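If you read the sequence from its start, that first residue is 1, and numbering goes on from there. Please read all numbers here as calculations on a predicted model, not as lab measurements.
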Amino acid sequence: MTIVRSVCPLLAQVFISLTNLFCGSTSKSRKLHSYHQKYLYHTESIMVVAHYPPPWFSVAPMMEWTDNHYRTMARLISKHAWLYTEMIAAETIVYQKANLDRFLEFGPEQHPIVLQIGGNNLENIAKATQLANPYGYDEINFNCGCPSPKVAGHGCFGVRLMLDPKFVAEAMSVIAANTDVPVSVKCRIGVDDHDSYNELCDFIYKVSSQSPTKHFIIHSRKALLNGISPAENRTIPPLKYEYYYALVRDFPDLRFTINGGINTVDEVNAAIKEGAHGVMVGRSAYHNPWNLLGNVDSAIYGAPPCNLTRRQVLEKYQVYGDSVLGKYGQRPNVREIIRPLLGLFHAEPGNGRWKRKADAAFMHCTTIKSFFEETLVTIPDSVLDSPVTEALLGRTDMFASSKNLLPQPYRVREEELLYA
């Protein structure tokens, strides 16, 4: 397996550790983790193909945001970031079998890409996995972290499934049995009053011991299911990065990606420096894609800086946008295709005028080309033709204290060993 030679030494060491983690380490002395030997993981598809970058940086799945249009734009800016679809319910895939391209199709340039599905019916989860296989996703992720009332409330899946690790293990086994690519779980650190470190470990232990799941994406907040909105669930419950780093300590045979409250390249690198296997960033990758994604390849993966400009991105995006406009009848429309671009000029001169002009243009423009011709006159050439500048500064010490707050090491209870 080969990787890009320009990757910085720190990340190269992380890659070597992950390779040992996935492709077999002979030092499995801890009794806690001996159960993993019962399962053969898809080592030939780790990192999924040799020419894909390691998953040090990924963009979080975000409902109604990380759609095909956003991912197309994101890949024009970063060649190395791992991209996730928005969550797609298994039932949607099953019941829209005649219309799957609308939900699952993506361009080959979007690799590496992960499909996130959600659901609570094993039969539909199995069928959805089978139907998704021909599209060639590089990993399938199962949502156990969404706190939305529609999902975790009436839907009875998402983060509510953290209270039923037995079902999650069954779902992950079903997904793995119906695909040849790696599988993973995205979850929170707890739900309501079920928020102790031991309860989180019980969930991780049960799911990983009863299924082939070896990768967990940990949103470092718990979820509150009663009384607050999904947006408040991203800010009100406190971040506990110490839980994440304790998982890395206590489950050395698993891979953990940290998520929650990380907004800059500096903060991504700080998390990796403290021992994170990978970092997932959410809304800042959507609201300010140029500055964040534009620095991922060089600052995180060590790739040589490129002279990419916003104008070049928009020229390529226009070709894409006009090719898919109205592909499914009236949709996607101009507004839907342009929406991911609304953060492209974040904090730049002309940004406010461009957005106001865009609102007016949505009313009558019928092509992406005509939309750009009408609106981009508000953006100075100096902005359109400048390459990516240095990334915004972030807190480089935000994880340092986590090591001093680590909970006591997890000890598997006797009943958990019987469970496994």
Side-chain angles (χ1 to χ4, degrees), residues 22 35-46 48 55 61 63 84-98 100 103-104 106 112-146 148 150-152 154-188 191 200 202-219 251 253-257 416 418-420:
F22 284 120
Y35 64 85
H36 290 298
Q37 297 175 9
K38 295 187 295 185
Y39 297 100
L40 293 176
Y41 194 58
H42 302 293
T43 54
E44 73 279 4
S45 55
I46 290 303
V48 180
M63 290 291 291
Y84 279 63
T85 69
E86 55 189 328
M87 186 195 74
I88 305 176
E91 284 70 22
T92 298
I93 297 174
V94 172
Y95 299 139
Q96 293 286 339
K97 184 162 42 172
L100 283 181
F103 299 94
L104 296 177
F106 62 92
I113 180 172
V114 180
L115 169 66
Q116 187 185 69
I117 63 174
N120 61 5
N121 180 289
L122 293 177
E123 183 178 356
N124 283 337
I125 290 170
K127 289 179 180 177
T129 304
Q130 293 166 3
L131 291 168
N133 280 334
Y135 290 88
Y137 286 94
D138 300 305
E139 183 174 314
I140 297 181
N141 177 265
F142 190 54
N143 185 314
C144 294
C146 180
S148 163
K150 291 182 179 178
V151 173
H154 300 303
C156 291
F157 59 103
V159 75
R160 189 174 293 277
L161 292 180
M162 287 194 71
L163 303 176
D164 191 357
K166 183 175 183 294
F167 174 83
V168 175
E170 291 172 346
M172 296 309 295
S173 295
V174 163
I175 294 170
N178 286 279
T179 187
D180 291 327
V181 300
V183 297
S184 59
V185 168
K186 188 173 190 293
C187 63
R188 294 267 182 146
V191 184
L200 173 61
D202 286 346
F203 174 81
I204 300 294
Y205 178 84
K206 289 175 181 178
V207 173
S208 61
S209 65
Q210 292 291 303
S211 78
T213 310
K214 299 293 177 280
H215 178 202
F216 292 83
I217 299 150
I218 308 295
H219 186 146
F251 294 88
D253 291 340
L254 302 180
R255 177 160 65 96
F256 295 99
T257 295
E416 305 298 348
L418 291 173
Y419 180 96

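For the atom pair NZ of K214 and CZ of R255, the computed distance is 12.5 Å after rounding to the nearest 0.5 Å. Atom CE in M172 sits 9.0 Å away from atom CD1 in I140 (nearest 0.5 Å). Note that CD of E139 and OG1 of T179 are 10.0 Å apart. Values are rounded to the nearest 0.5 Å. Within the model, atoms CD1 of I217 and NE2 of H215 stand 4.5 Å from one another, a figure rounded to the nearest 0.5 Å.
Scanning for side-chain contact (heavy atoms from CB on, under 4.5 Å) contacts around L100 gives I93, L104, L131, Y135, with sequence neighbours left out. Every residue meeting the side-chain contact (heavy atoms from CB on, under 4.5 Å) condition with Q130, not counting sequence neighbours, appears here in chain and number order: N178. Residues meeting the side-chain contact (heavy atoms from CB on, under 4.5 Å) test with A171, sequence neighbours left out: L122, I125, F142, F167.
For the residue pair S173/Q210, the side-chain donor-acceptor check at 3.5 Å is not satisfied.
A distance-only check finds a donor-acceptor pair linking the side chain of N143 to the backbone of C146 [under 3.5 Å]. T213 places no side-chain N or O within 3.5 Å of a backbone atom of S208 that could act as its donor or acceptor partner. Formation of a donor-acceptor pair under 3.5 Å by the S209 side chain with backbone atoms of Y205 is found in this model.
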key: Verdict with supporting geometry, C144 and V168, side-chain contact (heavy atoms from CB on, under 4.5 Å)   = CA-CA 8 Å; C144 294; V168 175; 3.8 Å; yes
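Note: F106 and Y137 have tilted aromatic rings, judged against thresholds of 30 and 60 degrees for the angle between ring planes.
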